[in-house]
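The structure under discussion appears below in the form of structure tokens.
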Amino acid sequence: MKKLIIANWKLNPTTLKDSQKLAGSIALKAKNKVVLCPPTIYLSQISYPNLGAQDCFWQGAGAFTGQTSALQLKDLKIKYCIIGHSERRLYGGDTDEIVNAKAKSVLAQKITPVVCVGFGTTVEQDDLEVIDVLKTQLDIGLSGIDASKAIVAYEPVWAIGTGQNATPEHAEKISIFIKNKYKVAKVLYGGSANAANAKEFLTQRNVDGLLVGGASLKAEEFNTIINI
Ligand code: PGA
């Protein structure tokens, strides 16, 4: 079965021209399904079969300066929305309750939420401790939601942007836990995924794909990942 590879460009690139150039160099047909998540400001001007947003507000419209709503994403035919990324939790103050409200708001517009969970600033591979924290994040984050329509991305925070990835076996174990307990549509792994380690993750039975940050900004490397 095809795996799902989501590119999280974060706050890159810094010009529309460079964003369009990057999108234009990603293969339109690949072995895996691909979703590009450029910065919100470029979403309407990037053409790619599947686009996602990096965040959205939980209200549809109103006096909410600086926000983008699921209604607006729907209008642009955006199909996916990353919710609760650790950088949103850190810089935007997203709590598990906010993650839940955002996930509900995108689902109401038939946009697939990619709910990010994970924690820890130092290497943490104690499966039981990880599961304990994820339980809290997901019990609240997915509360009252039809989980079969949601994707969860497991991203150990210590692995994000550090060049230090979790082991594929750890990712597999955690994916099995999340699927069994929450019956979500898919579980992705994220955290320093790159062309060198992607195959090991993608050959795990229960890792349904990858959320790729840094490596998604390098067209050649990303094209390798999506064709594994
Ligand atoms: P990274 O980021 O691949 O650069 O570690 C992943 C993410 O934050 O989604």
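Every number for a ligand or one of its atoms is a count from 1 in the order of the listing. Throughout, residue positions are numbered sequentially from 1 according to the sequence presented.
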Sorted by chain and residue number, the residues with a non-hydrogen atom under 4.0 Å of ligand 1 are N8, K10, H85, E155, A159, I160, G161, G191, S192, L211, V212, G213, G214
K186: what forms a salt bridge (Lys or Arg N to Asp or Glu O under 4.0 Å) with it, not counting sequence neighbours?
none
Residues at least two apart in sequence or cross-chain that pass salt bridge (Lys or Arg N to Asp or Glu O under 4.0 Å) with K74, listed by chain then number, are none
Heavy-atom donor-acceptor pair, N50 side chain to V34 backbone, under 3.5 Å
yes
Is K104 atom NZ crowded by more than 12 heavy atoms from other residues, nucleotides or ligands, each under 6.0 Å away?
yes
Listed once per pair and sorted, the salt bridge (charged side-chain N to carboxylate O under 4.0 Å, His left out) pairs that draw on residues 52-73, sequence neighbours left out
D55-R88, D55-K102
What is the ring orientation for F177 with Y182, classed by angle as parallel under 30°, tilted 30 to 60°, or perpendicular over 60°?
perpendicular
